[in-house]
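Single-structure report; data block below.
Counting from 1, the numbers follow the sequence of the chain as shown.
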Amino acid sequence: MTTHPLTDGMNRQQVAAITADAGPVLVLAGPGSGKTAVLTRRIAWLIREHHVPHHRIMAVTFTNKAAGEMRGRVEALLGEHLRGLQVSTFHSACARFLRREAESAGYRQDYVIYDSDDQAALVKTVVKNLGIDPKKYNPRAILSKISSAKNEMILPADFRSGDYFGEIVKQVYAAYQSALRESNAMDFDDLLLNMVLLLRANDHLRRAYQERFEYVLVDEFQDTNRVQYELVRLLASPQNNIFVVGDEDQAIYAFRGADYRNVLRFQESYGDAAVILLEQNYRSSQNILDVARAVINRNRHRTPKALHTELGRGAMVRVFEAYDERYEAESVLERIHRLRARHALSYKDFAVMYRTNAQSRAFERAFVDATVPYMLIGGVGFYKRREVKDILAYLRLIHNPDDRVSFERVINVPARGIGKKSLEAFLYWVARDQLTIGDALNRIFYDDPAPLSSAARKKFAAFAEMLTQWQDLAKRGDLLTMFDKITAQTRYYLHLDDISKLPEEAADRADNVRELRGLLQYALEDEQPLHEFLAEQSLVADVDSLDADNDAVTLMTLHAAKGLEFPVVFITGLEAGILPHFRSFEEIGGIEEERRLFYVGVTRAKEILHLSFAFRRALYSGTGGVSAPSEFVADLPPRLLDGPPTTLARLRSAQSLEAQTQWSDSPRPISRLERDLKAGTVSTGNSELRKKIIPFPGLAKRADDKTQFKVNMSVTHPQFGAGKVIGVDGAGGIVSVLFDEHGPKKILADAEGFNALDE
C-alpha cells in the first residue's frame with residue numbers, strides 16, 4: 001500500500017483525521033497524541049489534495065507561539081510561503097477583522113486594545129466617578145463579573161443582577177463601556193464580542209466572511225468560551241466545514257471563562273459530525289499514562305480514552321513525602337543533581353510544577369542558594385513590568401491621543417510638575433465640555449481658552465508640544481527616532497534611577513526599555529506600522545516568552561504547563577487544600593477541574609515523574625500545621641508507584657481514609673478488602689488472618705451510626721476555629737471540614753470542643 005507524504009508515519013486514527021471528508025469533524029486528542037501534527041497536516045491536505053486556496057482557510061488557537069509554530073509547520077510541509085493563510089489566535093484574528101470593519105462596529109480604525117491593567121485602571125475611574133466605595137466593592141471583582149458577562153454575550157442593557165452587588169456591576173458595566181467608547185478603545189473581551197455582534201447584525205458582512213473562509217479549524221477547542229463558540233459557528237456556516245481538535249480532560253481554564261462542555265455542544269449542534277479519537281501517545285511512558293488514566297477516570301461527562309504508547313513501560317512514578325516545603329525543595333534539588341549525573345540531562349530537561357504561585361518561593365530560595373539556574377514562568381512577565389508599561393502607554397497615546405488610560409499613566413511620569421488638582425481640573429474640563437483627551441490637548445497647544453491656571457496650562461502645553469512632535473515622527477514611520485525622543489525628552493532613564501532602590505535594579509529596568517526598543521526595531525524591519533506593533537504586544541502571553549535555548553530548570557504553575565513537555569517533571573505540594581485547592585470544594589465542578597489540572601501536569605512528563613507532598617506546610621496554615629496527602633495521590637494504584645516505605649504506607653493510610661469520606665460527588669470505588677474492613681468482616685476462611693484485620697480506623701464501632709453534623713453546617717473547633725462541613729462519614733464518626741484559616745481537616749465527630757454552630 002502506497003502512503004501519501006502528508007500521512008507518512010501517521011497512525012490509523014491520525015490518517016482518518018487528516019483525510020476526513022468535508023463537513024464537521026471532531027478530533028478528541030489525548031495528551032501527546034500528535035494533535036498539532038494532525039492539525040497542520042489537515043491544513044496542508046486541504047491545500048494540496050482538495051485544492052482549497054490557502055487564503056480561504058482560517059485556523060485559530062490560543063497563543064501566538066502556537067499559531068506561529070502551526071504556520072511554520074504547514075509551510076514546511078508544502079515547501080512554500082503561504083501569504084494570506086489565516087493562522088492566529090482568536091483575539092488577533094478579531095483585532096485584524098475589526099480594524100478593517102471599525103466603522104461598521106462604531107469605532108475609528110485607530111482604536112486601541114486595553115490589557116488587564118488598563119481595564120482595571122478604567123474601572124477604578126468609573127467606580128470613583130459613580131461615587132461607589134472601592135473598598136466595599138472591589139473594582140477587580142466588578143471587572144471579573146463584566147468579563148464573564150461579555151464571555152456569555154450579555155450586554156449592559158441585558159445584564160441581570162441577582163443581588164445588590166449585581167446592581168453595582170450593572171451600573172459600572174454600562175459606564176465602563178461608555179468610557180471605552182469615548183477613548184476609542186476595546187478590551188480583550190470586546191474584540192470577540194464586537195465581532196460576533198457585527199456578524200449577527202450585518203447579513204452582507206457575515207456572508208462576505210463566510211464566503212471568504214471555506215474551512216475553519218480550531219485547536220484546543222475545550223478551552224473555548226461561549227462567545228468563541230458562537231464566532232466559530234457563524235464563520236463556518238452554512239457549509240459547516242469545521243474541524244475542531246480538543247480534549248475535555250485537559251480543560252483547565254474555567255476561571256477564564258472556558259467551557260469544556262463546548263465539546264458536547266459541538267456534537268449536539270453537528271449531529272452528523274465525524275468523531276475521531278487519538279489515543280496513541282508519543283510523549284510518555286506507559287507507567288506515566290496509567291497514572292494519568294487513574295487520575296482522570298474519576299471524572300464524569302467525558303469520553304473515555306485508552307491512552308497507550310509504544311515507548312515501553314518506563315520507570316515507576318516516584319512519590320516522596322517531605323517534612324515541610326523547605327525540605328521538599330531541597331529534595332527536588334537533590335534529585336535533579338542525581339538525575340543529571342546519571343542520565344546526562346541538561347537543566348532545561350527539568351520542570352518543577354505547583355498549584356499556586358506562592359509555592360515557588362521555597363524553590364527559588366533553594367535554587368539561588370545552590371546556584372542552580374532556573375526560569376520562573378508565570379511571575380512578573382516582561383509586559384507587566386512598570387517601565388515597559390510606561391513606554392507602551394506613550395506609544396499608544398501617540399497612536400490614539402484619546403486613550404485616557406494611557407494619558408493618565410504618563411502625564412506625570414516622569415514627574416513634570418502636574419499635580420493631582422491640575423489633572424482633576426483638566427479632566428473635569430474634558431468631561432464638562434464633552435471633549436476627548438486629544439481635543440483638549442490640541443486646544444491648549446493652539447492657545448485656545450482653557451479653565452486652567454497659567455502654570456498648569458504651561459505644563460500641559462509643553463506635554464502637548466512633545467506629543468505633536470512624536471506623532472509627526474510616527475506618521476513618517478521614523479519609529480526609532482520617535483522612541484529615542486520619548487526617552488530623551490522625558491529623561492526617562494534618569495527617572496528609572498529615581499524609582500529603583502539599587503543601581504542594579506535601575507540597570508535591569510533600563511535593559512527592559514532597550515529590549516522594547518529592539519522589538520520596535522524588528523517591527524521597523526518588517527515594515528510593521530505602529531498600530532500593528534501595539535496590537536501584537538497587547539496579545540503576547542507569558543508562555544510565548546519561554547526560551548527553549550535557555551539551560552535552566554523551569555518553575556511554573558500547573559496552569560502554565562499546558563502545551564509543554566519535559567523529560568523530567570516534579571509535581572509538588574500534593575496536599576488537600578492545595579491540590580485540590582480549597583476553593584474548589586465550594587465550586588460546582590471544582591474538584592473535577594482540579595483533577596484535570598493534575599492530569600495535565602502528569603502528562604507533561606516524558607520519561608520520569610516525581611510526586612511530592614509535605615507533612616507540614618506554612619502556606620495556608622500560617623503556623624506550619626500538619627497537612628494531609630491529596631486525595632488525588634490516594635487514587636493512584638500502588639503497583640505504579642515507587643518511594644520510601646514510610647511514604648507508601650502513609651499513602652495507603654490516606655487511601656483508606658479517603659474511601660471513608662466524601663470529598664467529591666462521585667465516591668471512589670472500594671476494593672473487597674476495604675469493604676470487609678469497613679464491615680468488620682473478612683471474606684476468607686483463615687481465622688488467623690481474620691484476627692489481624694482491625695476495622696478502620698482502629699476505633700470501636702459506634703453504637704449510633706448517625707451524627708449531628710451535616711454537609712454545609714457551620715462548626716467550630718478549639719484548635720482550628722470556624723469552618724464548614726464538606727463531608728460526613730457517620731459509620732466511621734469522621735467529619736471533613738473546610739476551616740476558614742486552616743483549610744480542610746478531618747475531625748472525629750465526638751472530639752472534645754468540636755461543635756455545630758446554631759444557624
Side-chain angles (χ1 to χ4, degrees), residues 35-36 39-40 43 54 57-76 81-99 112-118 186-192 195 216-225 228 231-232 245-246 252-253 256-258 375 377-385 388-389 392 395-396 512 515-516 518-550 554 556 559-565:
K35 71 176 181 63
T36 304
L39 195 57
T40 53
I43 297 172
H54 61 262
I57 296 173
M58 177 180 178
V60 287
T61 186
F62 281 83
T63 69
N64 292 307
K65 181 181 179 182
E69 288 177 352
M70 195 184 302
R71 171 185 285 277
R73 286 200 191 191
V74 173
E75 292 180 342
H81 177 61
L82 301 174
R83 186 176 179 84
L85 175 64
Q86 299 287 332
V87 181
S88 64
T89 65
F90 278 98
H91 292 90
S92 293
C94 288
R96 188 167 55 252
F97 297 157
L98 287 170
R99 192 74 66 186
V112 294
I113 303 168
Y114 279 8
D115 66 13
S116 56
D117 288 344
D118 300 324
M186 298 186 204
D187 62 21
F188 281 172
D189 297 320
D190 286 330
L191 293 174
L192 306 179
M195 192 63 201
V216 177
L217 301 94
V218 186
D219 190 15
E220 305 287 6
F221 191 67
Q222 77 281 348
D223 292 335
T224 55
N225 56 32
Q228 288 164 336
L231 177 66
V232 170
V245 182
I252 60 173
Y253 298 125
R256 295 181 186 170
M375 180 166 48
I377 304 299
V380 179
F382 179 77
Y383 293 96
K384 298 292 184 182
R385 292 167 188 167
V388 174
K389 290 187 71 66
L392 283 175
L395 298 181
R396 289 185 352 191
N512 291 333
E515 177 74 9
L516 186 60
L519 294 176
L520 201 60
Q521 169 78 52
Y522 290 141
L524 200 62
E525 292 172 359
D526 294 337
E527 300 181 349
Q528 189 180 42
L530 182 59
H531 72 82
E532 287 186 12
F533 171 80
L534 292 171
E536 184 175 287
Q537 308 318 310
S538 297
L539 297 167
V540 171
D542 282 347
V543 75
D544 290 347
S545 62
L546 182 59
D547 184 359
D549 296 324
N550 188 7
T554 301
M556 66 200 319
H559 280 104
K562 182 76 176 293
L564 304 175
E565 60 181 41

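- Residues Met70 and Ile43 are in side-chain contact: their nearest non-hydrogen atoms beyond the backbone lie under 4.5 Å apart.
- Considering every non-hydrogen atom in both Ser88 and Ala67, the closest pair reads CA-CB, 3.8 Å.
- A donor-acceptor distance shorter than 3.5 angstrom exists from the side chain of Arg71 to the backbone of Leu82, with no hydrogens or angles considered.
- With a 4.5 Å cut-off on side-chain heavy atoms, Thr36 and Glu69 do not count as touching.
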* Show the numbers, then the answer: is there a side chain to side chain contact (heavy atoms under 4.5 Å, CB included) between Asp118 and Asp115? => CA-CA 5 Å; Asp118 300 324; Asp115 66 13; 2.9 Å; yes
* side chain to side chain contact (heavy atoms under 4.5 Å, CB included) between Leu534 and Val112: does it pass, once the steps are laid out? -> CA-CA 8 Å; Leu534 292 171; Val112 294; 5.7 Å; no
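- Here the straight-line distance linking atom OG1 of Thr61 with atom CG of Leu217 works out to 11.5 Å at 0.5 Å rounding.
- Distance check: Asp190 CG to Tyr114 OH gives 11.5 Å after rounding to the nearest 0.5 Å.
- For the pair His91 and Met195, the minimum side-chain heavy-atom distance is 4.5 Å or more.
- For the pair Phe90/Leu191, no side-chain contact is recorded, criterion being any heavy-atom separation below 4.5 Å from C-beta on.
- Distance CG/Asp219 to OG1/Thr89: 12.0 Å, rounded to 0.5 Å.
- Here the CD-CZ distance, from Gln86 to Phe97, works out to 5.0 Å after rounding to the nearest 0.5 Å.
- Distance OG/Ser92 to CD1/Ile113: 8.0 Å, rounded to 0.5 Å.
- Between the CG atom in Leu39 and the CZ atom in Arg73 there is a gap of 10.0 Å [rounded to 0.5 Å].
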* Asked: Does the pair Glu75 and Leu85 meet the rule for a side chain to side chain contact (heavy atoms under 4.5 Å, CB included), with working shown?
  -> CA-CA 10 Å; Glu75 292 180 342; Leu85 175 64; 5.6 Å; no
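- By the side chain to side chain contact (heavy atoms under 4.5 Å, CB included) test, Ala561 pairs with Met353, Met556, Arg604, sequence neighbours left out.
- When side chains are defined from C-beta on, Leu392 counts as touching Leu516, because their heavy atoms get closer than 4.5 Å.
- The two residues Leu395 and Phe533 make their nearest non-hydrogen contact at CD1-CE2, 4.0 Å.
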* Asked: Stepwise, does the salt bridge (Lys or Arg N to Asp or Glu O under 4.0 Å) test hold for Arg96 with Glu532?
  -> CA-CA 9 Å; Arg96 188 167 55 252; Glu532 287 186 12; over 6 Å; no
